[in-house]
A.B. asks: 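Let me give you the structure first, and then I'll get to my questions.
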Amino acid sequence: MEDGLRERKKRETRQLISDAATGLFLERGFDDVTVGEVAEAAGVSAKTVFNYFPRKEDLFLDRFPEALELVAREVRERPEGAHPVAVLRDLMLRLLAEGDALGGYASRPSFARYWQVVLESPALTARVREFVEELEDLLARLFAEAGGTDPDAPGNRLAAAWAVAAYRTVYATGVRRAFAGEDGEASKAEVAELIEKVFHRLRSAVEECSVL
């Protein structure tokens, strides 16, 4: 019981800090806000902020670890006979339908502003590139697990790179539509259609690699 309460308190504190940071970054930009200001807004010490977020960039990109965990869990716990690429496609479609930004598009104004802040900050764009590398490494391991092969085998590395490219293609399209201020429902439908097309081709490419 006590451990459960402690963990819940930690989650609540982490979310409190993240929400305070995101609000400040969206309002003023990433580089013009200090960790001290985030701590003050959240009502905690700067040390507490760093206990939860080792790097300032992680305050704004706080969902990256969640995204990696989600991908790993969905692929590893997929139904028997389900292809990993199909699982990734279904995951993106589900997140998109739920309005979750991880799905590649969200109609709320903060989605476009969020990526504007990222693109304006060299530190954040560098961290995004690191995340892409982390995602590619994870996918190589997941494809290897599914096929009983070596994660560093050329086929697995190539399949992972293709999967990341597929995700980035969809996501970049969603961000561009958000920047353009296009109709939300129409944009969501077009992104969903793109997910279907891109991941269909991805599956064919992965299977031709004889990875799985």
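Atoms considered below: every heavy atom in the structure, side chains included; atoms not considered: hydrogens, waters and symmetry mates.
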A.B. asks: Treat each ILVMFWY residue as a node, draw an edge where side-chain heavy atoms are under 4.5 Å apart, and state whether Leu61 and Val35 are in one component.
C.D. replies: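 Hydrophobic grouping puts Leu61 with Val35.
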A.B. asks: Got a donor-acceptor contact below 3.5 angstrom from the Thr173 side chain to the Thr169 backbone?
C.D. replies: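 Yes, the answer is positive, given that a donor and an acceptor are paired below the 3.5 Å cut-off.
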A.B. asks: What's the shortest heavy-atom distance between Leu142 and Ala72, and which atoms?
C.D. replies: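 So the two residues come closest at CD1-CA, 4.0 Å.
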A.B. asks: What's the separation between atom CZ in Arg14 and atom CZ in Arg11, rounded to the nearest 0.5 Å?
C.D. replies: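 So the gap between those two atoms works out to 11.5 Å.
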A.B. asks: Under the rule for side chain to side chain contact (heavy atoms under 4.5 Å, CB included), what residues qualify as partners of Glu27, not counting sequence neighbours?
C.D. replies: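 If we apply the side chain to side chain contact (heavy atoms under 4.5 Å, CB included) test to Glu27, skipping adjacent residues, there are no hits.
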A.B. asks: Kindly compute the distance separating CG (Leu91) from OH (Tyr167), expressed to the nearest 0.5 Å.
C.D. replies: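 Going from CG on Leu91 over to OH on Tyr167, the span is 8.5 Å.
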A.B. asks: Leu158 vs Val206, test: side-chain contact (heavy atoms from CB on, under 4.5 Å). Steps then yes/no.
C.D. replies: CA-CA 8 Å; Leu158 182 57; Val206 169; over 6 Å; no
A.B. asks: Tell me whether the centres of the aromatic rings in Phe25 and Tyr114 are closer together than 6.0 Å.
C.D. replies: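 Distance test on ring centres: not under 6.0 Å, no.
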A.B. asks: Check the pair Lys10 / Glu7 against side-chain contact (heavy atoms from CB on, under 4.5 Å), numbers first and verdict last.
C.D. replies: CA-CA 5 Å; Lys10 287 181 178 179; Glu7 288 304 313; 3.8 Å; yes
A.B. asks: Considering non-hydrogen atoms only, spot the tightest contact between Pro84 and Phe143 and give its length.
C.D. replies: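 Closest pair (atom of Pro84, atom of Phe143, distance): CB-CE2, 4.0 Å.
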A.B. asks: Cut-off 3.5 Å, no hydrogens considered: what does the side-chain donor-acceptor table look like for residues 116-125, sequence neighbours left out?
C.D. replies:
from, atom 1, to, atom 2, distance (Å)
Gln116, OE1, Arg113, NH1, 3.2
Gln116, NE2, Glu120, OE2, 3.3
Ser121, OG, Asp31, OD1, 3.4
Ser121, OG, Ala123, N, 3.4
Ser121, OG, Leu124, N, 3.2
Thr125, OG1, Ser121, O, 3.2
Thr125, OG1, Pro122, O, 2.9

A.B. asks: Would you say that Tyr105 contacts Val170 through its side chain, given a criterion of any heavy-atom pair below 4.5 Å between the two side chains?
C.D. replies: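 Side chain of Tyr105 against side chain of Val170, heavy atoms only: no contact under 4.5 Å found.
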A.B. asks: Give the minimum heavy-atom separation between Ser18 and Phe53, together with the two atoms involved.
C.D. replies: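 Shortest heavy-atom separation between Ser18 and Phe53 comes out as CB-CZ, 4.1 Å.
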A.B. asks: Run the ring-ring contact (aromatic ring centres under 6.0 Å, His included) test against Phe64 and tell me which residues pass, sequence neighbours left out.
C.D. replies: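 Only Phe131 meet the ring-ring contact (aromatic ring centres under 6.0 Å, His included) criterion with Phe64.
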A.B. asks: Any ion pair linking Asp58 and Arg63 (charged N to carboxylate O, less than 4.0 Å)?
C.D. replies: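 Between Asp58 and Arg63 there is no salt bridge, as every charged N stays at least 4.0 Å from the carboxylate O atoms.
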A.B. asks: Provide the closest heavy-atom pair for Ala146 versus Arg78 in the form atom of the first, atom of the second, distance.
C.D. replies: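 Nearest pair, atom of Ala146 first, then Arg78: CB-NH2, 3.5 Å.
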A.B. asks: Can you find a heavy atom in the side chain of Glu57 that is under 4.5 Å from one in the side chain of Glu130?
C.D. replies: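 Sidechains of Glu130 and Glu57: no contact.
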A.B. asks: What is the minimum heavy-atom distance between Pro151 and Asn156, and which atoms define it?
C.D. replies: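 Smallest heavy-atom distance, with atoms named: O-CB, 3.6 Å.
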A.B. asks: Answer whether the closest heavy-atom distance between the side chains of Arg157 and Glu136 falls below 4.5 Å.
C.D. replies: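 SC-SC contact between Arg157 and Glu136 confirmed.
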A.B. asks: Walk me through whether Leu93 and Arg89 qualify under side-chain contact (heavy atoms from CB on, under 4.5 Å).
C.D. replies: CA-CA 6 Å; Leu93 288 171; Arg89 176 204 61 207; 4.1 Å; yes
A.B. asks: Working to the nearest 0.5 angstrom, can you tell me the gap between Met92 CE and Asp90 CG?
C.D. replies: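 Met92 CE to Asp90 CG: 11.5 Å, rounded to 0.5 Å.
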A.B. asks: Which residues pass the side chain to side chain contact (heavy atoms under 4.5 Å, CB included) test with Glu133, not counting sequence neighbours?
C.D. replies: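 Once residues adjacent in sequence are excluded, Glu133 has no partner under the side chain to side chain contact (heavy atoms under 4.5 Å, CB included) criterion.
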A.B. asks: Say whether, by atom type as modelled, one donor and one acceptor occur between the side chain of Lys56 and the main chain of Phe30 under 3.5 angstrom.
C.D. replies: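 Yes; judged by distance alone, with no hydrogens or angles, the pair exists.
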A.B. asks: Return each pair, listed once, that meets salt bridge (charged side-chain N to carboxylate O under 4.0 Å, His left out) where at least one residue sits in residues 143-155; pairs must be two or more places apart or across chains.
C.D. replies: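 Residue pairs passing salt bridge (charged side-chain N to carboxylate O under 4.0 Å, His left out), neighbours aside: Arg76-Glu145.
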A.B. asks: Is there a donor-acceptor pair under 3.5 Å between the side chain of Glu74 and the backbone N or O of Val71?
C.D. replies: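 No; judged by distance alone, with no hydrogens or angles, the pair does not exist.
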A.B. asks: Once you round to the nearest 0.5 Å, how far does CG of Leu68 lie from CG of Asp137?
C.D. replies: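 Here the interatomic distance stands at 10.0 Å.
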A.B. asks: So, taking the atom named OG1 in Thr13 and the one named CZ in Arg8, what distance separates them when rounded to the nearest 0.5 Å?
C.D. replies: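 These two atoms lie 11.0 Å from each other.
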A.B. asks: Return the CD to CZ distance between Glu98 and Arg94, rounded to the nearest 0.5 Å.
C.D. replies: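 Glu98 atom CD to Arg94 atom CZ measures 6.0 Å (nearest 0.5 Å).
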A.B. asks: Quick one: do Leu16 and Val49 end up in the same hydrophobic cluster if we chain Ile, Leu, Val, Met, Phe, Trp and Tyr together by side-chain heavy atoms under 4.5 Å apart?
C.D. replies: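 Shared cluster, no.
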A.B. asks: Please report, to 0.1 Å, the donor-acceptor pairs under 3.5 Å made by any side chain of residues 191-203, with sequence neighbours excluded.
C.D. replies:
from, atom 1, to, atom 2, distance (Å)
Glu193, OE2, Lys197, NZ, 3.3
Arg203, NE, Glu207, OE2, 3.0

A.B. asks: If you measure from the Lys or Arg side-chain nitrogens to the Asp or Glu carboxylate oxygens, is any gap between Glu134 and Arg127 under 4.0 Å?
C.D. replies: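 A salt bridge links Glu134 with Arg127.
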A.B. asks: Could you walk me through whether Leu26 and Phe60 pass the side-chain contact (heavy atoms from CB on, under 4.5 Å) check?
C.D. replies: CA-CA 9 Å; Leu26 290 177; Phe60 198 55; 3.9 Å; yes
A.B. asks: If I compare all heavy atoms of Ala101 with all of Tyr171, which pair ends up nearest, and what's the gap?
C.D. replies: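 Nearest pair, atom of Ala101 first, then Tyr171: O-OH, 2.9 Å.
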